[in-house]
Structure formats: structure tokens, C-alpha cells
Colleague: 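Before I ask anything, let me first share the structure, which is written out below as C-alpha cells.
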Amino acid sequence: MSKRLTAALLIGTFTASTAALAQGMSFEAVDLNQDGYVSYEEIAAAVPTLSEDAFNAADSNQDSFLDPDEFVNVQP
């Protein structure tokens, strides 16, 4: 597979995954265990392309979980 095609596929996958988070992935859908917080593992299952750095940037209180207010600030 050519490098350009590979890059295009990766960009498309990243865009589609992060778009799902931005446009319709509800907090409740991502919070798999329904404890009121989203862990990195939970959000990574929903959006595999989301980096741990992006998760940590949204985790304003640095407790390793996102509450609903922090969840809306996830920037892939």
C-alpha cells in the first residue's frame, strides 16, 4: 500500500472516530460502568484514536477520570 494511501486512511479513521465523539457520543454512552465518571479505558474503547495526552488535558482536576463537565472539553 502506498504511503499516501496509508496516510489518507489513517487520517480518515482518526477524523471519523473523533467526529463520533464530538457529534453524538454522549457521556452516558461512554461511561460503560455508569459510575458517573469516564476513565481513559472507557473513552479509548469508544474512540481508539484518542490519545492519553488529550484525555489528561481534559481532566482538569487530574483525578484520572472525566466528569460530565470535563468530558465536553475532550479535544482529540
Side-chain angles (χ1 to χ4, degrees):
M1 189 177 299
S2 76
K3 289 182 181 180
R4 285 186 183 184
L5 180 57
T6 302
L9 290 172
L10 289 173
I11 289 169
T13 301
F14 176 78
T15 302
S17 295
T18 56
L21 180 62
Q23 299 178 6
M25 275 283 182
S26 70
F27 179 86
E28 291 78 17
V30 178
D31 181 15
L32 298 176
N33 64 0
Q34 301 298 299
D35 66 352
Y37 299 95
V38 171
S39 67
Y40 177 71
E41 290 75 19
E42 288 172 318
I43 203 167
V47 186
T49 57
L50 185 74
S51 72
E52 197 164 355
D53 288 337
F55 177 88
N56 290 333
D59 183 16
S60 61
N61 65 2
Q62 298 299 298
D63 65 351
S64 300
F65 296 97
L66 301 180
D67 62 34
D69 292 332
E70 293 169 326
F71 180 79
V72 299
N73 294 319
V74 172
Q75 296 295 320

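Numbers for residues simply follow the sequence, beginning at 1.
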Colleague: Ile43 vs Phe71, test: side-chain contact (heavy atoms from CB on, under 4.5 Å). Steps then yes/no.
Modeller: CA-CA 10 Å; Ile43 203 167; Phe71 180 79; 4.0 Å; yes

Colleague: Quick check: closest heavy atoms across Asp69 and Asn73, and the distance to 0.1 Å?
Modeller: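 Heavy-atom minimum between the residues: O-ND2, 3.2 Å.
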
Colleague: Which atoms form the tightest heavy-atom contact between Pro68 and Gly36, and what is the distance?
Modeller: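 It is CD-O, 3.9 Å.
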
Colleague: Rounded to the nearest 0.5 Å, how far does OH of Tyr40 lie from CG of Asn56?
Modeller: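 Asn56 atom CG to Tyr40 atom OH measures 9.0 Å (nearest 0.5 Å).
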
Colleague: Looking at residues at least two apart in the chain, or sitting in another chain, which of them share a side-chain hydrogen bond (donor to acceptor under 3.5 Å, both in side chains) with Ser64?
Modeller: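 In terms of side-chain hydrogen bond (donor to acceptor under 3.5 Å, both in side chains), with neighbours along the sequence ignored, Ser64 is linked to no residue.
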
Colleague: Can you tell me how far CZ of Phe27 sits from CG of Leu66, rounded to the nearest 0.5 angstrom?
Modeller: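 Between Leu66 CG and Phe27 CZ, I get 7.5 Å after rounding to 0.5 Å.
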
Colleague: Please name all residues satisfying side chain to side chain contact (heavy atoms under 4.5 Å, CB included) with Gln34, sequence neighbours left out, ordered by chain then number.
Modeller: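 Testing Gln34 for side chain to side chain contact (heavy atoms under 4.5 Å, CB included), a comparison that skips the adjacent residues, returns Asp31.
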
Colleague: Locate the shortest heavy-atom distance separating Glu42 from Leu32; write the atom from each residue and the value.
Modeller: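 Scanning both residues completely, I find the closest heavy atoms to be OE2-N, 3.1 Å.
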
Colleague: If you look at every heavy atom in Asp63 and Glu70, which pair is closest and at what distance?
Modeller: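 Minimum heavy-atom separation between Asp63 and Glu70: OD1-OE1, 4.5 Å.
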
Colleague: Looking at every non-hydrogen atom in both residues, tell me the closest pair between Val30 and Met25 and how far apart they are.
Modeller: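 Heavy atoms of Val30 and Met25 come nearest at CG2-SD, 3.9 Å.
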
Colleague: Suppose clustering is done on Ile, Leu, Val, Met, Phe, Trp and Tyr with side-chain heavy atoms closer than 4.5 Å. Which residues sit in the same group as Tyr37?
Modeller: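 Members other than Tyr37 - counting any ILVMFWY side chain reachable under 4.5 Å - are Phe65.
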
